[in-house]
**Student:** 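Dropping a structure here in structure tokens format, bear with me for questions.
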Amino acid sequence: MPSEAKETSVTLVLSVKTEKMALIDTITASPLLKSFVAGSFSGTCSTILFQPLDLVKTRLQTTIAIPSGGSVGMLATVGKVIQNERIFGLWKGVTPSIFRCVPGVGLYFSSLHWLKTNFCEGQPGALQAIALGVVARTITGVTMIPITVVKTRYESGVYSYTSVREAVSSIYLKEGARGLTCGLLPTLLRDAPFSGLYLMFYTQTKKRVPQRYLEDNLAPAIHFTIGVFAGLMASTVTQPFDVVKTKMQLYPHKFTSLYQACVYVKKKYGPQGYFKGLVPRMLRRTLMAAMAWTVYEQITKRFGLK
């Protein structure tokens, strides 16, 4: 190889390495990007692992009540999905879930980091934690609502989409931009209070744990346990809005307002109808949030954000 060609090759290799190092330095230097990367990574793990619980929750909320007054349980729903769609049917909708949760969790954690840093010096009190969680989740919820609609329809079994692109195109052509934002209000009423309450329970419980335990090998287990407790509390309070959100996103022509959907659920199922799918949602949201926060805590510690 001529010397000029060798010099050109070396220059190109050095240029590529320099660009890579510059990108790494950019991420390393930006706390917001660190938070986004950490949140996105934690969201990927928890989304794939707990997708079956989300699908079962959606199916329970769309199941018609049995005439005898009984109800279809969680295990029966799992069995029905496996029988009709095989075991991988439990992961139906995982693609839009990843499109929603991975950037969504990253955006949530980066927004939360910015808010905590600028408004309460990284140590929010109980009421501040609620406010920060609500604001961060509202930003994420509004941004990700189109893919949330697609995810819900994928999981329900009511619609037969073959790809996320087809789903978005079909909804937009048939229902317009409004179809891609249907159920936004109950989604925010579900997610914003959940995140606010979760962050409050999480931060306040964490403050009561001696610092030495949060710095040794028990830290991941402690973070996970705190996350489970916070998730159980927040899930129960916000469950009614999850039921209403599902109805509005699956049947937008039937339910055009939050009030109309609320009245329908009460009339059709009684007060207990507002808690359809509570068990799988509680399991999923609790375990997913606990895992996300555990992974996030460990990654941000490695990134030097703590």
Side-chain angles (χ1 to χ4, degrees), residues 43-102 147-171 174 182-183 186-187 190 228 231-232 235-236 239-255 261 264-265 268-291:
T44 303
C45 300
S46 52
T47 296
I48 295 173
L49 186 59
F50 300 121
Q51 174 62 22
L53 291 171
D54 201 27
L55 180 134
V56 171
K57 180 266 299 181
T58 300
R59 295 291 175 93
L60 283 172
Q61 292 176 350
T62 56
T63 300
I64 304 298
I66 297 175
S68 61
S71 59
V72 179
M74 178 178 168
L75 294 179
T77 301
V78 171
K80 187 175 180 181
V81 172
I82 294 175
Q83 181 182 2
N84 297 333
E85 306 170 46
R86 299 188 179 182
I87 188 70
F88 290 109
L90 292 170
W91 273 267
K92 186 175 183 179
V94 71
T95 301
S97 288
I98 290 175
F99 280 140
R100 171 181 175 262
C101 291
V102 173
I147 201 67
T148 301
V149 174
V150 172
K151 182 189 79 71
T152 301
R153 295 191 181 187
Y154 246 93
E155 295 168 349
S156 69
V158 176
Y159 296 83
S160 300
Y161 300 126
T162 59
S163 68
V164 173
R165 182 177 180 179
E166 182 202 342
V168 173
S169 299
S170 177
I171 294 171
K174 294 177 181 178
C182 62
T187 296
R190 176 199 67 172
V228 168
L232 290 173
S235 293
T236 304
Q239 178 63 20
F241 293 111
D242 187 65
V243 175
V244 174
K245 184 266 319 177
T246 299
K247 294 294 183 187
M248 292 183 70
Q249 290 181 344
L250 291 182
Y251 311 105
H253 299 297
K254 185 175 182 179
F255 304 110
Y264 174 86
V265 172
K268 185 74 175 180
Y269 307 107
Q272 67 271 22
Y274 292 113
F275 294 92
K276 287 172 72 69
L278 174 61
V279 174
R281 177 176 178 257
M282 183 182 290
L283 287 172
R284 175 187 174 272
R285 287 304 299 265
T286 297
L287 295 175
M288 185 172 176
M291 175 177 282

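Atoms considered below: every heavy atom in the structure, side chains included; atoms not considered: hydrogens, waters and symmetry mates. Fair warning: this is a prediction, and the values are worked out from it, not measured in the lab.
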**Student:** Using only atom types and a distance under 3.5 Å, with no angle test, would you say the side chain of Lys276 pairs donor to acceptor with the backbone of Thr62?
**Tutor:**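 Between the backbone of Thr62 and the side chain of Lys276 there is no qualifying donor-acceptor contact (under 3.5 Å).
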
**Student:** Begin with the C-alpha distance, continue with both residues' side-chain angles, and end with the deciding distance and a verdict on side-chain contact (heavy atoms from CB on, under 4.5 Å) for Leu250 and Gln61.
**Tutor:** CA-CA 11 Å; Leu250 291 182; Gln61 292 176 350; over 6 Å; no

**Student:** Can you name the salt bridge (charged side-chain N to carboxylate O under 4.0 Å, His left out) partners of Lys57, sequence neighbours left out?
**Tutor:**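 Expected list: Asp54, Asp242.
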
**Student:** Who passes ring pair (Phe, Tyr, Trp, His ring centres under 6.0 Å) against Tyr274, sequence neighbours left out?
**Tutor:**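 Counting only residues at least two positions away or on another chain, Tyr274 forms no ring pair (Phe, Tyr, Trp, His ring centres under 6.0 Å).
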
**Student:** For Pro280 and Leu60, which heavy atoms make the closest approach, and how far apart are they?
**Tutor:**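 Answer, listing the atom of Pro280 first, then Leu60: CG-CD1, 3.7 Å.
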
**Student:** Among residues at least two apart in sequence or on other chains, which ones pass side-chain hydrogen bond (donor to acceptor under 3.5 Å, both in side chains) with Thr162?
**Tutor:**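 Checked Thr162 against side-chain hydrogen bond (donor to acceptor under 3.5 Å, both in side chains); matches are Glu166.
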
**Student:** List the atom of Val244, the atom of Ala261, and the distance in Å for their closest heavy-atom pair.
**Tutor:**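 Heavy-atom minimum between the residues: CG1-CB, 3.6 Å.
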
**Student:** What pairs with Ser97 under side-chain hydrogen bond (donor to acceptor under 3.5 Å, both in side chains), at least two apart in sequence or on another chain?
**Tutor:**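 Result, side-chain hydrogen bond (donor to acceptor under 3.5 Å, both in side chains) vs Ser97: Gln51.
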
**Student:** If you count the non-hydrogen atoms of other residues, nucleotides and ligands that lie under 6.0 Å from CZ in Phe241, is the total more than 12?
**Tutor:**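 Check fails, neighbour count at 12 or below.
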
**Student:** Can you name the residues that form a ring pair (Phe, Tyr, Trp, His ring centres under 6.0 Å) with Tyr161, not counting sequence neighbours?
**Tutor:**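 Once residues adjacent in sequence are excluded, the partners of Tyr161 under the ring pair (Phe, Tyr, Trp, His ring centres under 6.0 Å) criterion are Tyr159.
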
**Student:** For Val102, give me all partners under side-chain contact (heavy atoms from CB on, under 4.5 Å), at least two apart in sequence or on another chain.
**Tutor:**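 side-chain contact (heavy atoms from CB on, under 4.5 Å) check on Val102 returns Ser40, Thr44, Ile98.
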
**Student:** Ignoring hydrogens and angles, write down the donor-acceptor pairs under 3.5 Å from the side chains of residues 281-291, residues two or more places apart or on other chains.
**Tutor:**
residue : atom : partner : partner atom : Å
Arg281  : NH1  : Ser235  : O            : 3.0
Arg281  : NH1  : Thr238  : OG1          : 3.4
Arg281  : NH1  : Gln239  : OE1          : 3.2
Arg281  : NH2  : Thr238  : OG1          : 3.1
Thr286  : OG1  : Gly231  : O            : 3.4
Thr286  : OG1  : Leu232  : N            : 3.3
Thr286  : OG1  : Met282  : O            : 2.6

**Student:** Restricting to side-chain contact (heavy atoms from CB on, under 4.5 Å), what partner residues turn up for Phe88, sequence neighbours left out?
**Tutor:**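 side-chain contact (heavy atoms from CB on, under 4.5 Å) list for Phe88, sorted by chain: empty.
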
**Student:** How far apart are the closest heavy atoms of Met248 and Pro186, and which atoms are they?
**Tutor:**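 That closest heavy-atom pairing would be SD-CG, 3.6 Å.
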
**Student:** With side-chain hydrogen bond (donor to acceptor under 3.5 Å, both in side chains) as the test, pick out the partner of Arg100 among Thr148, Thr47, Thr95, Thr152.
**Tutor:**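 For Arg100, the side-chain hydrogen bond (donor to acceptor under 3.5 Å, both in side chains) test succeeds with only one of Thr148, Thr47, Thr95, Thr152, which is Thr148.
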
**Student:** Nearest 0.5 Å, please: how far is OG in Ser170 from CZ in Arg165?
**Tutor:**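 With rounding to 0.5 Å, CZ (Arg165) is 13.5 Å from OG (Ser170).
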
**Student:** Shortest non-hydrogen contact from Val150 to Ala167?
**Tutor:**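 Val150 and Ala167 have their closest heavy atoms at CG1-CB, 3.7 Å.
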
**Student:** Can you pull the salt bridge (Lys or Arg N to Asp or Glu O under 4.0 Å) pairs that have at least one residue in residues 80-97, sequence neighbours excluded?
**Tutor:**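 Found Arg59-Glu85.
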
**Student:** What is the minimum heavy-atom distance between Ile147 and Phe99, and which atoms define it?
**Tutor:**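 Here Ile147 and Phe99 meet closest at CG1-CB, 3.8 Å.
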
**Student:** Can you name the nearest heavy-atom pair linking Arg153 to Cys182, along with the distance?
**Tutor:**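 Smallest interatomic distance, heavy atoms only, reads NH2-SG, 3.9 Å.
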
